[in-house]
> 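My questions will all concern the structure given below.
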Amino acid sequence: MIVRQEIKPLLEQPPLGEEVTVMGWVRAWRGNRFMVLNDGSGAENLQVVVDQDKFSEETLRQIGFHTCVSVRGQLTESQGSGQSVEVMADRLEILGGNDLSSYPLQPKKQTMAFLRDNAQFRMRTNTFSSVFRVRHGVAYAVNKYFHDRGYYYLHTPIITGNDAEGAGEMFRVSTLDPVNPPQNEDGSVDYDQDFFGKATNLTVSGQLQAEIGALALGKVYTFGPTFRAENSNTSRQAEFWMIEPEIAFADLDNDMNLAEDFVKYLINFCLEHYQDDLEFLDQRIQDTEKNMRAADRRPMGLVDTLKFVVANDFARVTYTEALDILLRSKTYKKGKFEFPLEWGTDLQAEHERYLVEKHFERPVIVRDYPKDIKAFYMRQNDDGKTVAAMDVLFPYIGEVIGGSQREEREDRLRQRMQEMDVHTDELAWYLQLRTFGGCPHAGFGLGFERIVQFITGMGNIRDVIPFPRAPRLADF
RNA sequence: GCCUCAGUAGCUCAGUUGGUUAGAGCGGCGGACUGUUAAUCCGUAGGUCAAAGGUUCGAGCCCUUUCUGAGGCGCCA
């Protein structure tokens, strides 16, 4: 059995004078004497002091960038100023040598694009190991938040026969011969002969199934991968994780309160448990922004931004109020908005950014959108024009949550489905949730990598996903 | 899918109005160095200038197409 101590706890409560065994990857090798070691347990490194007389030339020659080593020695107070403690190596074993003449990574700044191409190694860098530790922390906090509050984690299907809301292009799932699929008389593919006896696809949302759970278990959430086959060249991913709570006996106000409390909890959890990583990422952003024009820099550092978000109430406005704010804005009066502002059309990214970054200067929840730009299942308001929908808008990343109170009145839901050409026969089970013991209920979807992106401050969403999936990108 | 910008050594970049043999730093390799903090110092190798085609006496530089990347937009979470 291998026995070793992890570096993070060792640095938190250093057992000075004791013999320790640590294993990790060399981050730097200086002066034939100082080895900087990281084992992934945290953002901080451990310095190992190597006395050349104690080890063979063969062993010493193998030490280099990202060599994997095992070290045993006494933990002592450091004589140098860059660290408080260090290990005086007595035993040194090379666990995995590293051929530096062909190793792609270097101990210096490299572009995100280059590291993305070398995803098998990028997690060994400070930036990516911090990002993925935080990503884990957010995932854990999601489950902890809901569990502690009596929600049940409901696994909704990955393969499904229905398109939740026409949310996007879907990936087909089929075992039929792609060259010569069985055909109907009219030449269309005969999916009766397919594995499931019908056309199926990867899920675009678990919401409709989550509603089944909510109307029995009271409070549920799904947290799993979703898939959209849209051809996009920026932030949109083909595979991403979504968190979708669904709660019975709740209206839009309950929904908004949950959304705000939940997001703040996730951020707080990271501030509390991943302080080192967030401080490193904060410093990284400041270094990158040094060469930028002041106008392009963040108004606040990363950690300060996170603290600000949890300390202040989100602004809440209706769609109609938001439109009035935009129409009264100087930006609009000077004709600086590219897209028109007209009641009934969706807010564009530039409008959302104005509300969040210029007008309110904090996260904003916009509610009661025109019914024609929202999905069929959203509850119709009494004005006949709007639905009980809400979007949570964040600085830098835009919409992070979209949610609604669901239409629980069967006749209204059926009428809306017909108006919007949603097949009532395929969703008969969904309508039955209203016919038989329905109740007011609500929920939302939160893009997991978007909130991770916000918390880590990473500029490109692909850099918070271990193995991103996008058009022409399916390596690993 | 649309728009803008970019692609030069393993990496990060410079390369003048088109003009001889393509430049640096880092990294690699060889050497020096027992208190370094992106260690430092000396030496050295390394390039079909993204690909294809075109203009020209002559193209890294100009033109066309394709591929790749970055940023923005659309759409969304």
> Determine the contact category for A:S81: base if any of its heavy atoms lies under 4.0 Å from a base atom, sugar-phosphate if only primed atoms, P, OP1 or OP2 are that close, otherwise nothing.
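Since a base atom lies under 4.0 Å of A:S81, the category is base.
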> Rounding to an integer number of angstrom, what distance separates B:rA50 and B:rA9 when you compare their P atoms?
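That atom pair is separated by 8 Å.
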> So, OP1 or OP2 of B:rC73: does either fall under 4.0 Å of a side-chain N or O from A:R353?
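Yes.
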> Is the cationic atom of A:R149 (NZ for Lys, CZ for Arg) positioned less than 6.0 Å from the six-membered ring centroid of A:Y265 and within 45 degrees of its normal?
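Yes, A:R149 and A:Y265 form such a contact.
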> Please determine if a side-chain N or O atom of A:R33 lies less than 4.0 Å away from the OP1 or OP2 oxygen of B:rU34.
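Checking A:R33 against B:rU34: no side-chain N or O falls below 4.0 Å of OP1 or OP2.
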> Hunt down the Watson-Crick or G-U wobble partner of B:rG27, both distances under 3.5 Å, from any strand shown, or write none.
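No nucleotide pairs with B:rG27.
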> Paired with B:rU68 by Watson-Crick or G-U wobble geometry, both distances under 3.5 Å: which nucleotide is it?
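For B:rU68, the partner nucleotide comes out as B:rA6, under the 3.5 Å rule.
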> Taking the same atom, C1', in B:rG23 and in B:rG35, what whole-Å distance lies between them?
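Their C1' atoms lie roughly 37 Å apart.
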> Select one nucleotide: of B:rC76, B:rC29, B:rU36, the one nearest the side-chain heavy atoms of A:L100.
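It is B:rC29.
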> Can you tell me, in whole Å, how much space there is between the C1' of B:rC49 and that of B:rA59?
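It comes out at 11 Å once rounded to the nearest Å.
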> How close or far is atom P of B:rG72 from atom OH of A:Y396, stated in whole angstroms?
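From A:Y396 OH to B:rG72 P: 14 Å.
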> With RNA chain B as reference, determine whether A:P104 or A:L347 sits nearer its 5' end, using the nearest nucleotide of each.
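Its nucleotide being nearer the 5' end, the pick is A:P104.
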> So, taking the atom named CD1 in A:I365 and the one named OG1 in A:T318, what distance separates them when rounded to the nearest 0.5 Å?
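Going from the CD1 atom of A:I365 to the OG1 atom of A:T318 covers 13.0 Å.
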> Could you measure between the two P atoms, the one in B:rA32 and the one in B:rG19, and give it in whole Å?
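Here B:rA32 and B:rG19 have their P atoms 45 Å from each other.
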> Which nucleotide sits closest to the side chain of A:F339: B:rC73, B:rU37, B:rA77?
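That would be B:rC73.
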> If you check the A:R450 side chain, which of B:rC76, B:rG35, B:rC26 turns out closest?
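Looking only at side-chain atoms, A:R450 lies closest to B:rC76.
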> If you round to the nearest 0.5 Å, how far is CG of A:N118 from OH of A:Y103?
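These two atoms lie 8.5 Å from each other.
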> In whole angstrom, what separates A:H66's NE2 from B:rG27's C1'?
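In whole Å, B:rG27 C1' lies 13 Å from A:H66 NE2.
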> Just wondering, do A:V50 and A:L60 contact through their side chains at under 4.5 Å, heavy atoms?
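Yes, at least one pair of side-chain atoms sits under 4.5 Å.
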> Between atom CD in A:E77 and atom P in B:rG35, what is the gap in whole Å?
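That distance rounds to 19 Å.
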> Whole Å only: how far is the CG atom of A:D463 from the C1' atom of B:rG69?
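Rounded to the whole Å, the gap is 13 Å.
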> Rounded to whole angstrom, note down the C1' distance from B:rA24 over to B:rA77.
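B:rA24 and B:rA77 have their C1' atoms separated by 45 Å.
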> To the side chain of A:E86, which of B:rC73, B:rA39, B:rG35 is closest?
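Nucleotide nearest to A:E86's side chain: B:rG35.
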> Under a 3.5 Å cut-off for both contacts, is B:rA77 paired Watson-Crick or G-U wobble with anything, and if yes, with which nucleotide?
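Paired with B:rA77, as far as the under-3.5 Å criterion goes, is no nucleotide at all.
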> With a non-hydrogen cut-off below 4.0 angstrom, is A:E352 in contact with a base, only sugar-phosphate, or nothing?
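Since no nucleic acid heavy atom lies under 4.0 Å of A:E352, the category is nothing.
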> Assign A:Q79 to base, sugar-phosphate, or nothing according to its heavy-atom contacts below 4.0 angstrom with the strands shown.
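Base contact.
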> Tell me whether the rings of A:Y319 and A:Y369 are parallel (<30°), tilted (30 to 60°) or perpendicular (>60°).
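The arrangement is tilted - the two ring planes meet at 30° to 60°.
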> Can you tell me, in whole Å, how much space there is between the P of B:rC62 and that of B:rC26?
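Between the two P atoms, the distance is 30 Å.
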> Between B:rA45 and B:rU55, how far apart are the two P atoms, rounded to whole Å?
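The answer is 39 Å between these two P atoms.
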> Spell out, as yes or no, whether a donor-acceptor pair under 3.5 Å connects the side chain of A:Q453 to the backbone of A:G459.
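Yes, the answer is positive, given that a donor and an acceptor are paired below the 3.5 Å cut-off.
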> On the nucleotide B:rG69, are OP1 or OP2 found under 4.0 Å from the side-chain N or O atoms that A:T111 carries?
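So the side chain of A:T111 is outside the cut-off, no N or O lying under 4.0 Å from OP1 or OP2 of B:rG69.
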> Calculate the interatomic distance between A:Q110 atom CD and B:rG25 atom C1'; express it in whole Å.
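It works out to 14 Å between those atoms.
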> Atom CG in A:D346, atom CD1 in A:I373: separation rounded to 0.5 Å?
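Rounded to the nearest 0.5 Å, the CG-CD1 separation comes to 4.0 Å.
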> Which part of the nucleic acid, if any, lies within reach of A:G445 when heavy atoms closer than 4.0 Å are counted: base, sugar-phosphate only, or nothing?
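Sugar-phosphate, backbone atoms only, no base.
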> Considering every strand shown, what is the Watson-Crick or G-U wobble mate of B:rG47 when both distances are under 3.5 Å?
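Base partner found: none.
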> With heavy atoms under 4.0 Å as the rule, sort A:E338 into base, sugar-phosphate or nothing.
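No contact.
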> Given B:rU12, B:rA77, B:rC33, identify the nucleotide with an atom nearest to the side chain of A:N32.
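So the side chain of A:N32 is nearest to B:rC33.
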> Pick the nucleotide of RNA chain B nearest each of A:F114 and A:W29; which residue has the one closer to the 5' end?
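Looking at RNA chain B, the more 5' nearest nucleotide goes with A:F114.
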> Does B:rA38 pair with anything, Watson-Crick or G-U wobble, both distances under 3.5 Å, and if so, with which nucleotide?
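By the stated definition (distances under 3.5 Å), nothing pairs with B:rA38.
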> Across the strands shown, which category fits A:D51 at heavy-atom distances under 4.0 angstrom: base, sugar-phosphate, nothing?
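Base, at least one base heavy atom under 4.0 Å.
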> Grab the CZ-P distance between A:F227 and B:rC75 for me, whole Å please.
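One finds 25 Å between P of B:rC75 and CZ of A:F227, rounded.
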> Under 4.0 Å between a side-chain N or O of A:N460 and OP1 or OP2 of B:rG71?
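Yes.
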> Please report, rounded to the nearest Å, how far the P atom of B:rG28 is from the CG atom of A:L105.
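Taking CG of A:L105 and P of B:rG28, I get 12 Å after rounding.
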> Ring-plane angle category for A:Y274 and A:F269, please: parallel below 30°, perpendicular beyond 60°, tilted otherwise.
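Aromatic pair A:Y274/A:F269 classed tilted.
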> Measure from the ring center of A:W241 to the ring center of A:F223 and say whether it is less than 6.0 Å.
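Yes - the distance between ring centres of A:W241 and A:F223 falls below the 6.0 Å cut-off.
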> So, OP1 or OP2 of B:rU37: does either fall under 4.0 Å of a side-chain N or O from A:Q83?
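Negative; the distance criterion is not met.
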> Would you mind classifying the nucleic acid contact of A:F394 as base, sugar-phosphate or nothing, using non-hydrogen atoms under 4.0 angstrom?
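It contacts nothing in the nucleic acid.
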> Rounded to whole Å, please give me the gap between NE2 in A:H351 and P in B:rG72.
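Rounded to the whole Å, the gap is 17 Å.
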> Once you apply a heavy-atom cut-off of 4.0 Å, does A:V400 come out as touching a base, just sugar-phosphate, or nothing?
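The answer is sugar-phosphate, as A:V400 gets under 4.0 Å only of primed atoms, P, OP1 or OP2.
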> Which of the following nucleotides, B:rC26, B:rG69, B:rA77, is nearest to the side chain of A:Q106?
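Side chain of A:Q106 sits closest to B:rC26.
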> Classify A:I243 by what it touches in the nucleic acid, base, sugar-phosphate, or nothing, heavy-atom distance under 4.0 Å.
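Nothing: the residue A:I243, judged by heavy atoms under 4.0 Å, touches no strand.
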> Report yes or no: is the ring centroid of A:F448 under 5.5 Å from the six-membered base ring centroid of B:rA77, with the two planes under 30 degrees?
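No; centroid distance or tilt outside limits.
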> Quick one: label A:S78 by what it contacts on the DNA or RNA (base, sugar-phosphate, nothing), any heavy atom closer than 4.0 Å.
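Touches a base.
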> Taking the C1' atom of each, how far is B:rU12 from B:rG47, in whole Å?
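Their C1' atoms lie roughly 16 Å apart.
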